[in-house]
Structure formats: structure tokens, C-alpha cells
Amino acid sequence: MLAEAVTALRSRWSCVDWSIERDSICASISPDDLRAITKYLISQEWRLGTIVATETHGQLELRYCLYATRHPGWVQLVIAPDRMERAVPSLTPVTIAADWFEREIEDLFSVSFAQHPRLGDFVLHDSQWAENAGLMRPGVHTSGDLSEQQREWRPKRVLEEEGAFVMPIGPIFSGDAESALFLLETVGEDVVRAVPRLFYKYRAIEKIAEGRTAADVLLLAERCAGTSAIGNGLAYCRAVERASGVEPPARAHVVRGFVAELERLRHHMTSVREICASTSLTVAASQALWLEEQLLRISGETCGHRYLFGVLAIGGLQHDVDDGALRACVAGAAALSPKIDQLRTALENSSSFLDRIERVGVVGREAARTFELVGPFARAAGVAADMRVIQPYDPYPCVHFDVPTESEGDGYARLRVLFAEMRASLGIMSELCAELAPGATRAPAAIRAGSALGWSEAPRGASVQWVELDDEGVVRRYRLTPPSFRNWHGFHVATEGFAFQDFPIVLATLDLSVAENDR
Amino acid sequence: MSWFIRGLRAGVLTENLPEGQNLPASLTPGLPRRTDFATEQEALEITSLCPTGALRAEERAVHVTSERCVECMRCKPEQDWRRDADWARFADGGPLEGAFTRSIHVRIVDAGDCGSCLSELAQLNGPSYNLHRFGIFITPTPRQADVLLVVGPVTRQMLDPLKLAYEAMPAPKRVLAVGACAASGGVFGPSVMCAAGAADAVPVDLVLPGCPPPPLAIVHALRALCGQERPA
Amino acid sequence: MSQWPLLLTGIAIGVALVGALGGVVSERRAAVVLTTAGCLAAALAFIAGVGMIFGAGSGDRFLWSFPVFGSIAIGTTPLGGIFACISALVYVPTSLYSLRYLERYRPEYSARAFACWYCVLLAAIIALFVCRDVISFFVIWEIVAIASAALVAYEWRRERNVRAAFIMLAMSEAGTIAAVVAMLLARAGSGSLHFGAPAAAISQAAAWAIFILSFFGFGVKAGLLPVNSWLPRAHPVAPGNVSALLSGVILNLGVYGIVLVNSELVPVRYAGEGVVVLVIGAASALIGILYATIEDDLKTMLAYSSVENLGIAVTALGVAFVFTAEHQTLFAALGFAAAVYHVLNHSAYKALLFLGAATLDAKLGGRSMNRLGGLIRVLPVTAALFFVGVLGIAAIPPLNGFVSEWLTFQALLRAVELSPLGLRVVFALCGATLALTAALAVTCFVKAFGMTFLGRPRTPLPAVDEAARAMKFGMALLALECILLGVLPTYVLPAISHGAADLLGPDTITAALVPPFFKPTAAPNPLPSDFVATFHALGAQIGRGAPGRGWVVMLRGGSANPVVFAMSTTYLLFIIALLLAIAYAVVRLASRTRRTSRSPAWSGGLSPVLPEMTYTATGFSNPVRVIFDAVFNPTEVENERDTIYQHFRSAIRRKREDVFWSDRILSVPIERATLRMAALLARMHHGRLPAYVGYALGTLLLVLAIVTFA
């Protein structure tokens, strides 16, 4: 399949040196060809995985990683533009999915993208930072004085109507909500449009990672979003293992898959709880909260940590999890299964609840495709994007499971997807548990210099990561593209025109993590 | 069947606070504690496993700075771990006094949290832990809050909002730093965008380590902060 | 038969006319002349008006006689006295205010022209109340119309102003013609155009025709539905002080006309007439306040609110008419008192609010509430005075609006005294409509004051200083009127009672509503002693030394229900003052040992909160707009969503236009019909010679045919 793709590319752009490295087609191209090639690939159902910017000795390099949705395989297009000479061509006119990637790179590397509709005030807030701060560029180490500066910032307004105003919510709001600012454009009563202003929690994980050992960066990958530690941690481990040619033993793969599904199960329970709570359905929220606590306890009992921190290691698992614990885990989760089903049935029979989540925060199939949304968010809109299937990785090729999809793309469709995936995860867990064979759980760590992509299907969707290591196993560049970063981009699509009191519901059903996005 | 009846039929799910030094892993991951090793070499080896410098060898003993521990489990099983949940420690000042020991309101501020501390905080209002029975409530406005509960290492872009929240609170007020990040910066700080915990922004009264501290530990910390019990 | 009020009126007119001439002389002194002449003439007119009210009426004097029209008659009437006083109460402060206000139009517009028209208008208005025959009445009426239109079009370089003045004039003329026809019909049988001539017997059909023509004819001036399209156009564009006059004086003339026709010329005979007045009044009130609530332009909002207030007054008048027709003089008196009292109150607070809006307009160069905000910090005195007006218009006790609206509601509640069920139902519906109106009025003026003076500015506003002293003084005078009219109802009601003596009999209102608790034994209407004793025990004798009959407004009922209603804003003022003092003392006492700490408002950690993040006036009233969407029936002029590269949302442009209800019902269909007819006619004019020859031929043949066969 990849060979066919390469032939097609060669026939169109013969002067480009196309080569296949393992499961990626790699090519260094001229910035002038970028748009045409990407446009062609998008038309062939390739999707943008991530854009990695690197700067070494003043030379900027941009790596556009796309993955196929019809067969396994990646394309990595590398351009090395001279930033002094001219602006880099923006991909946003070709695919809106590149919009936020370019805004991020503009903020962090001071790269100007030609024809991008809106740059500035993204990762680094204009109220604190100069536009050319270039935080991720080598040698830029900020000191505390930056926070002292107060700069002019005004929200970009889109609504032009007499009496329109911007209602700010945040960054500190609600009881235990994550910090983010929402700007609701309205003329009273109905919200015409809502946009998030994120990155209040920007921790610069990619910057912190530079110069740390691969093992220590795993801690960062896990804690990028504590609620999907395995999802993001696994993608990172896979990137490092692929970069240095380490192959984890079979048992490690099985256990990794097991804990990933356990995490998905718990995470989806959390999402259901948040949806119930947002509609003020207190009894259901309490029951979901209780189920969530039971799943947290099962996780703690099985792996020693309620959020599954410290389970993964480069090359396998940090500590073996014994078969008895895994079986107990499956038994415990299976015991909860009827309760989860009861909750689902009860919710589906509560018309007052359905009234509040149906036709709320609608994102159609077309929008989900063009914005390249991922995870349950996309699947509720009918886009069956699941990295476990389209770019399969161990142990999923030998497991049988369904990827549930819905077509409405509203809050209720997302709730149904969550419940269906919980059921699927339970199935995968018991299937993996049956496949367990004794053996080593960790390959000897032999980290070599190299770079590679790693990906996984985290609970909220595809997590795509890139890592570049030097000889001593120290990370030179770490690029983390969590699913929430992709899905927050679709937030404003779901929030064009809604009643003000529906805001918490829209927010809850979208199942977005600020921490995961802000990194 | 209405939700009301459904709720009644579920019965009381609230549990008594478990006491003791040997809690199950389902409730708390535990924290490493001072351990004596056979040789100095062995102690140094254990210390070298720690990525955040929470372990410190003095001759054959390995001491623990719990604020720095991120529960990566790498020192397990050699290092001894305490299996309780009474982890809070007063940094400065003391508990609330007088009228503020019976009922307090807490404003949570997420200053760069990864989500797990917030997830554990959400559990406090759940049936299992039921924080309300201690007269402790989570409030959306700092104007009515007695306690500022900070999670996260304090990112630079949350620094000002955090300070504003603290200033907006009426006296007497206390600050509780929850989690390794808020206690010491955790894996993130101090660094280019992160401070070394809440103390860099606001005066912290009570520090609760853990990554994340389990709900039980947070209940203990909040009760200690309003003088309902003494920290261990 | 004292003649001095008539004489004084003549002097006042003279002073005003001298002012008009003097104003023309000097551009520099025009404002001074205007203020001096305006204040003097209005003050004289006020004294004359008081004389007219309390004098017994002078008897009419016939001046000149004309062949066809008969004699010109002048004379004083108590009713004219009331309206003369109301006009003077607005004219004096407005003239003071104008001293410095006209500066803002320099040098673009001539102060001389303004002063001239201003004084001419004053002279005409004073004269109108002593006209006692159809001819002189309408000659003066026309002078008023022309002078006010000239003042509306004062900024003649702006097309909008000139258009508004034209529409105002055109509608006024249409109304005048109807009113003239009505009056001529009314006098047709008597053979004299003198108002006081004995009325001839009038058939029911003629009576109805006179009523309808006069009611809607004068209704144009009074701003009643559906003939008030001119009002929301003219008020906002007129200079601020003229807006005050339009609302405070000119609208009242319409009410004067309605009362004149239905009391003296053709006294109300049918309850149906009253019902028409009632329903039109209530509908005007509701529609007026709805449009006022959603309006963001301060002056347009006040204009719509004038529709509402005149609607309330006319509702009360309708109550009076119904009860008159049903021969229940007591309740007719109640309705009439409420109507006149409300007209009086509206003049005071609306003039005040218009002057306040004019101050903002002059200082800030804009009056859209979406751009204002936080002005209390820069214009504290204006804000305080405006607030008095807002309290008055929102009918908050003890301010004046409360008293008259309360009387109006009480009058409506007297529906229980009516026997026909239909009338009761109408009363109940109108009462409910007014209740909704009152609630919306509070919303409307919370928005007006809150959005303008409180919060933070919505746009960066220029640095301004307080209004000039003369302007503040003018507004303060009106604010004082609002307060006094509010807390001294037991002194105002007897005056209205005197003014209505010709219509309702001497002292009817006083006897009905102001029981003599201070001098319980004095005639007329001595109260039963046990009744007095009960009220004295409650404290109704407090203030006995003061002049007047008492401080309680009360309606007595039969033995089963001795007190139908009672209230006293006078005592309420003392109680409010006392409570405030106690509250202040308690707070001071309690906070002696406490420390007050101040910190900025909590904004979710967002800093700074930008002006575009504060609630706008449109946003505040949007719920009303959504709920009453069927009434507003807005047209979506624009609803566009722009994107860059197909998916990047760059703009959402929306615009809705509300057409005023009266325009939709009346003006727009007429305009459309006219245009369609014009288009039909235009078809004949396609410029071909043979066609025109054909038209000429056809006309000739037609004429010949008529001549031949007729």
C-alpha cells in the first residue's frame, strides 16, 4: 500500500527524492511544493498528524507528518525554510486542520506563516508576551521579568451587531473547572459564538523535556494529562522505542493494551459523570461518580496507582503486573458492568435529560472531517477515526473489537459513543486477559540516537508524538500532539448559536481537557 | 422510575474515613518514607533512581522530601512506603480558628494542574467521601472562600489570576497547596513557564504532597486546616 | 368676576412676543433674551393660571366680529388654568437650561432663530388656553404646530431632522383638519362658534362622529396609537430643550383638546366613547413602553416612553368618561384627577429626563446607551438629578409618578362599581395591561439609568466636566417639582379639583380624595367622628399646624368597606427618611470595630476587564425583545457569516430592524398605497404625444357628456 502511494507521489513530483523508512514515506521538499503535495495527500484521505518544528544552529526545519486512513503508513514532509528570506507558506488555506499548529509554531518559534488568517495570542498570551518571544528557540530562556509586563490585549470579535458584547467566563470559574477563558459573543439571551482562550496552563513540557533523559521525559508525558496518562505515555514510549529500535516483549504489549483500556473505561466514566453533572442530574452524577471511584480503586488495586502513573517504562513495563491482579481487575470491572448499563438505560429513558443534550453542540460529519477531529468527538459525528484501527499497533491487531460511531454529532451521540466504547474496552480487557502468557515485561533499555514518531489512541483520541534522541538517551526535541489540541480546535464549530444556560452542557459533552491541550 | 427513587434505592454509599497505617492501594498509593539500608552504596543506588530528588541519602539511611515525590514508583519495592493518607504538613501559620472550624468554603484554583488532582477533588463531593458532612464546601467565588486550594505548579500565565483570587478573599484566609506540583513544582517546575509551586505566588499555609494525593488525604488536609483534626 | 388672570395672560403673551422680537436682534444676546423672556412670561402665565384655577372664571369677552366666522372670544377657564400652569412649570426650567445649552449649536446654527421660535411658541401656548372659540383656537393651534415644527427642524442641515419636522407637521395638519371638522360639527346646530354657546341637540351618529374625529385628531398631538408615527421621529432629533417642551408641553395640548371637546362642547354621553379612550390609552401605554424598553438611544427611548405616559393619562381619562356616562361623578372625578395628575407629573419628569439626556448628548456627543456607562463618576450632579426623574417615571414612591399611577389603578379598580359586565371586563383587561406596562417601565428605566450612569464605560469616553450651572439649575428645578408633586398630593389634588369645577362640580375631587383630618369639623364633607378618631389614632393628625386639609389621600366607601383605599406619600417620606437614618446609624454602630477592606470586583481572574466585556443596553433588554417578538415583528436586514478559506470564521454580521407598530399599522400601508397609485398614474405618462392627445380628447368628451346630461 505504501509502495503504491510512493509510486503515485513519484509520478507527480518526480524531482523530489521520495524514500520509504520503515512505515513512513519521507521526503525533503521545497517550501513551494508543500501546498500542492499536501493538497494531493488530503484528497487521498491522508490526515495531518502533527507538525514538528525544530531549530538547530539557526536552521529551521518543519516536519509535516500525515497518516493514511485507508492503510497503515505515514508521510513525513520536511521543509527547511530560511526564515530570514521570507514567510513560510501556510497550510491553512489547504486544510483548516493546520490552523492551530501554525499558530502554535508562530508563537513558539517566531515563524511567520504567509496567508494565515489569524496569528498571535495563542500559546503565549499577548497580554504578557511580545510577539517575537520565540520561547522554543534554542538559547531562549526566559526569566521572571516577563510576567511583569502588561501589554495591550483585546479579544478578536467576530460578531458585528448593534449591542453585541463579549461575555468572559474564566480563567477561574465554576467549582472545580480547569482554567481557561471562554469568550462568549452575544447580544443577550443567546450566545452567537463562543471561542476559548487557552494555554493559561501552558507548562512548556516540550521545552522542559529538552535535555532530560528519555526515562524522565516519560514522567512529563504521563502528567501532560493525568486523566490519560497511559494514552499519552504509551505514544511517547512507542516513539522512543521506535527511535532506538527497542522492541518490548509480548507480555508487555498485552499488559499495556490492558491498562490502556482500563484507563479508557475510567476516563469515559468521568466524561459521563461530567455530562450528568452539567445537566444538574445530581443522582445520576453521584452514581457515575461512585462508579468512577470504583474504577479508580480497581486501577489502584491492579497497578498500585489510581491514575496508572508509573506503569509504563521505555521498553515495556516498570513493574510486572501479575496475572491474578489482572484477572481480579477484569472481574471487578465486569461486576460494575451491569451498573453501568443500568445508568445508561436510565439516562436514555430520562426525557428531561435527553432534551438538554440532544441537538446541543452539534458538529457534523463534514466539520469533523475538515477540522480533523479525533476520538469519541469525531466518532459521534460519523468519522471512525481510531488509531487502533487505521494505524494499528500491538496488541490491537490480534484483538477483536468494534469502533462505535454515531451520525448526529450532538451531545447525545457523544454520550452513546462513550457508553459503547466502555463496553468495547471491557471486552478488550477480558480478551487480553485470556491471552496472557508468562514472560519478560521489559526489554533491556538500549537507547540510541535517532528520531521517530509514536502514536496511540488515547481516551480522547489520537495522540501523536515525535521524539529526537541523542547518543546518551537524552531528548533533543520532544513534540507532543495530544488529542485535546485537535478537538479544542473544533470547539467553536460546536458553539455557534446556543442558549446561554447550555454552555456547561456543551462544554461537558465535548469532553475536552485543558491540561492535555495546554501541555 | 424517577431519579429520586433511584437515588433512595442506592442507599447510603458514604464510607467512614478509614483509619490506620495500612490502607489498601485502591485508596492510596502511599508515599516513600525514611528507610535504612544495609550499605551506603545501596542507599545511593536507590537515591539515583529518583527523578525528582525526593530521596536523599545520609549514610545508610534514605530520607524523603515528600513534597518532591511524584509517585513514579521507581524506588519500589526497595524503599519503604507508608500506606496511610495523613500527609499534610503546616508550612506556615496554623489552622483556622474560632467560628471557622465548623464550616468553611474552599475555592479551588487550577494553576496548571494535569487533571488528576482535580479529578480527585471532584471525588470529594461524591458519595464515597462526601466532604459536606464535615461542613466543608466548594464555592465558585473567592469572595466567600476561607481556603484557597491551589493545584498545579503555577504556570506563568496563571500567576496573575491566582494572585487576584487570593487578593479577592476576605480575611481570615488560608492557602492549601495540593499535590506535588503545588507543593514543589513537581515534574514541571521550577522551569521556563512554571514556578516551584504555589508558595512562589501566594503564602502557603498547609502543604499536601502526593501525585495526586488521594481524596482521603485531601479530606485530612482540609480538616486539619479548619482545626477539626491535627495533622499526623 | 375678576379680570386679572386674563390681563396677566395678556401681559405674559406680550412679554413672550417681545422676547421673540428681542431674540432676533442680537445673535450674542439671543440666549439671554430667550431665558429672561421665557422665564418671565412663563412665571406670569403660571400666576395667571393659578388665578384661573381658583378664580371663578371671567366670563368670555368678545373681541372682534367677522362676517362668516362670528366673534373672536377670549376668556379664562379653570381647565385652561391647569394646563397653563403645567406648561409654565416646564417652560421656566427649560428656559433657564437653554441659557447655556444653545452654545453647543454655535456657530453652525443661529441662536436668533431659535430664540424667536421658542418665544413665539411660548406666546402661542399661553394664548391657546384663553381661546374660547373655534376660529381663534385653531389659528393659535396652527401657530403652535408651525413653531414646534420649526424648532424640531432647528438643525436644518441634517436631513433627518427636516424630514421628522415635515412628518410631524403633516400628521399634525391631518389631525387638525379632523379636529376642526369635529368642532364645526359640534357647533353646527348652535349657530355660533363660541365654545360657551348653548349646545344644540346632537344625534347619536353625529355625537360619535364628533367624538372619533376629535379624539384621533387631538390624539395625533397627544401621541396616541395609531396616529403617533411622528413622535418617535421628532423627539430624538429635536434639540434637547425642545424635546423637553415637546414631551412636557405640546403632548399635553392634545389631552387638553380631548378634554375640551368631551366636557364642554359635547359632554360624554355613551360609555362606548369612554371604552375607546380606555383601550387606545392602554394600548398606547403598552406599545409605547415595549418599544422604549428595547430602544438603545436615550432620547428615542424617552420619546417612546412619552407614548406610554400619555397612554396612561388617557386611560385614566377613559375611566373618567365611562363613569361620567354611567353618571358616577365620584369615580369620574377620581379618573379625571388621575389623568390630569399624570399629565402634570409626566411633564415634570420627562422634561427633566430629556434635559438630562441633552446634557449627555452635549457633553459626550452621543446618546446610544451601548456606548455610555459609568457616567456617575464624571457627571455626579446630572446623574443624581436624572435619578430623581427615573424614580419618578418608574413610579417609585414617594416620587410623583407613583401618586398618579396609583390613582389610575385605583380608578380602574373601581370597575366593581359598574353594572355592565362588558365594561368590567374591559376595565380588568386594561388594568392588567397597565400593570404589565408599569413593570416594563421599571425594567426600562433601570436599564436607562444603569447602562448610562453605572458600571464602566462601554467605549472610551472623552474627559468631560459637569454641566453648566444654569443647566444644572434648570434640571434641579424640575427635580424639585418631581419631589414636591410626589410628597404633596393633598395640595395638588385640591388645585386639580378647582380646575375641574366646571366639569365635575365644585370641590368634588377634594371632597372625595382628601379627607380633612387636620380640621375634621370643617365643611364640606364632615367625617364621622369615630372614623376620624380611628385615623387620628394612626397619626393622621400629625402636621396639623400645616395648611391644607390633611396629608392622606383616601377614598371612603360605604359602611361595609369604610376605606376603599388610602395612602400618604407625605408620611411615607418621613418614614423613609427615618428608616434610612436608623439604618445608617445601625451600620455605623455595628461597623465601629470592623475594618472595611476594598478590592476590585472579582472577574474570574481576568484582568483587566475590557469595556467590550460589559453588558450592553441591547443585551439587558434582549429578553423583552425575545418574549414580545410578535409585537416587534422585526425584519432581518442582514445575517451573513463570512469565512476565510471556507472554514475560518471571520465575521458574523447580523442586523434586525424594528418598525414602530404605528408605522406598520398606518403609515406604511398608506405610503405603499400612495406609491402604488402614483405608479398607476405614472403608467399614463409614457411620453408619447398621441396618448396625451387622446387624454385631452377623452377629457373633453367627458366634460361635454357631463354638461349635456347634467
Side-chain angles (χ1 to χ4, degrees), chain A residues 124-125 128 135 141-142 146-147 171-179 199-205 207-208 215-216 219-220 223-227 229 270 273 281-284 286-287 289-290 292-293 296-301 304-307 309-311 318-319 346 350 513-516 518, chain B residues 1 3-4 6-7 10 13 24-29 51-52 70-74 76 107-123 125-129 138-140 142 152-153 155-162 165 186-189 191-194 211-212 214-215:
Chain A
L124 304 180
H125 291 169
Q128 284 187 357
L135 187 76
H141 291 284
T142 59
L146 269 167
S147 72
I172 300 172
F173 69 104
S174 185
D176 53 3
E178 290 192 86
S179 296
F199 292 102
Y200 276 93
K201 292 165 57 166
Y202 178 58
R203 287 153 288 168
I205 286 180
K207 182 87 175 173
I208 300 172
D216 286 359
L219 298 176
L220 294 170
R223 285 159 184 77
C224 148
T227 48
T270 310
R273 181 255 295 173
L281 199 57
T282 322
V283 175
S286 292
Q287 291 187 348
L289 204 51
W290 182 82
E292 187 192 342
E293 171 69 12
L296 281 167
R297 289 183 182 182
I298 290 171
S299 309
E301 205 67 65
H305 195 283
R306 286 156 60 92
Y307 291 87
F309 291 175
V311 173
Q318 183 154 278
H319 304 291
S350 299
S513 162
V514 179
E516 198 175 61
D518 288 5
Chain B
M1 188 167 51
W3 284 104
F4 175 71
R6 208 183 295 275
L13 297 174
S26 57
L27 291 181
T28 168
T52 55
V70 295
E71 294 181 354
C72 65
M73 317 260 178
R74 289 180 191 173
K76 267 187 171 179
R107 168 72 242 194
I108 299 169
V109 173
D110 163 18
D113 176 58
C114 71
S116 55
C117 286
L118 282 175
S119 174
E120 297 290 46
L121 282 167
Q123 277 300 336
N125 276 337
S128 311
Y129 299 98
I138 292 173
T139 172
T155 59
R156 177 154 301 151
Q157 294 182 146
M158 272 308 287
L159 184 68
D160 290 342
L162 175 63
V187 289
F188 301 116
S191 69
V192 56
M193 285 296 279
C194 300
C211 188

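The shown structure was predicted, so the numbers you read here are calculated from the model rather than taken from an experiment.
For the pair Q123(B) (side chain) and L289(A) (backbone), a donor-acceptor distance under 3.5 Å is present. Between the K201(A) side chain and the M158(B) main chain, no donor and acceptor come within less than 3.5 Å of each other. Between the side chain of H305(A) and the main chain of M73(B), no donor-acceptor pair closer than 3.5 Å is present. Under the 3.5 Å distance criterion, the side-chain polar atoms of S179(A) are left unmatched by any main-chain donor or acceptor of A111(B). A donor-acceptor contact shorter than 3.5 Å is absent between the side chain of Q157(B) and the backbone of Q128(A). Although no hydrogens or angles enter the test, the distance criterion places a donor-acceptor pair under 3.5 Å between the side chain of R223(A) and the main chain of V70(B).
Between E120(B) atom CD and R306(A) atom CZ the span is 4.0 Å, to the nearest 0.5 Å. Within the model, atoms OG1 of T52(B) and CG of D216(A) stand 9.0 Å from one another, a figure rounded to the nearest 0.5 Å. Atoms CZ and OG1, on F4(B) and T282(A) in that order, are 12.5 Å from each other to the nearest 0.5 Å. Taking CD1 from I205(A) and OG from S191(B), the interatomic distance works out to 9.5 Å, rounded to the nearest 0.5 Å.
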Before you tell me yes or no, could you show the steps for V187(B) and R203(A) under side chain to side chain contact (heavy atoms under 4.5 Å, CB included), namely the whole-Å CA-CA distance, both residues' side-chain angles and the distance that decides it to 0.1 Å?
CA-CA 10 Å; V187(B) 289; R203(A) 287 153 288 168; over 6 Å; no
For F309(A) and E71(B), run side chain to side chain contact (heavy atoms under 4.5 Å, CB included): C-alpha distance rounded to whole Å, both residues' side-chain angles, the deciding distance at 0.1 Å, then the answer.
CA-CA 7 Å; F309(A) 291 175; E71(B) 294 181 354; 5.8 Å; no
Given S119(B) and E292(A), is the side chain to side chain contact (heavy atoms under 4.5 Å, CB included) satisfied, shown in steps?
CA-CA 10 Å; S119(B) 174; E292(A) 187 192 342; 3.6 Å; yes
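Heavy-atom distances place both the backbone and the side chain of Y200(A) under 4.5 Å from chain B. At a 4.5 Å heavy-atom cutoff, the contact between P161(B) and chain A is made by backbone and side-chain atoms alike. Both the backbone and the side chain of A122(B) come within less than 4.5 Å of a heavy atom in chain A. Within the 4.5 angstrom heavy-atom criterion, atoms from both the backbone and the side chain of L27(B) approach chain A. For C72(B), the parts lying near chain A are the backbone and the side chain together; criterion is any non-hydrogen pair under 4.5 Å. With a 4.5 angstrom heavy-atom cutoff, R107(B) touches chain A only via side-chain atoms. In this structure, no portion of S513(A) lies under 4.5 Å from any heavy atom of chain B. At a 4.5 Å heavy-atom cutoff, the contact between L281(A) and chain B is made by side-chain atoms alone.
The minimum heavy-atom distance between I208(A) and F188(B), with the atom names listed, is CD1-O, 3.4 Å. V192(B) and A204(A) get closest at one heavy-atom pair: CG1-CB, 3.8 Å.
Between Y307(A) and C211(B) the shortest side-chain heavy-atom distance does not fall below 4.5 Å.
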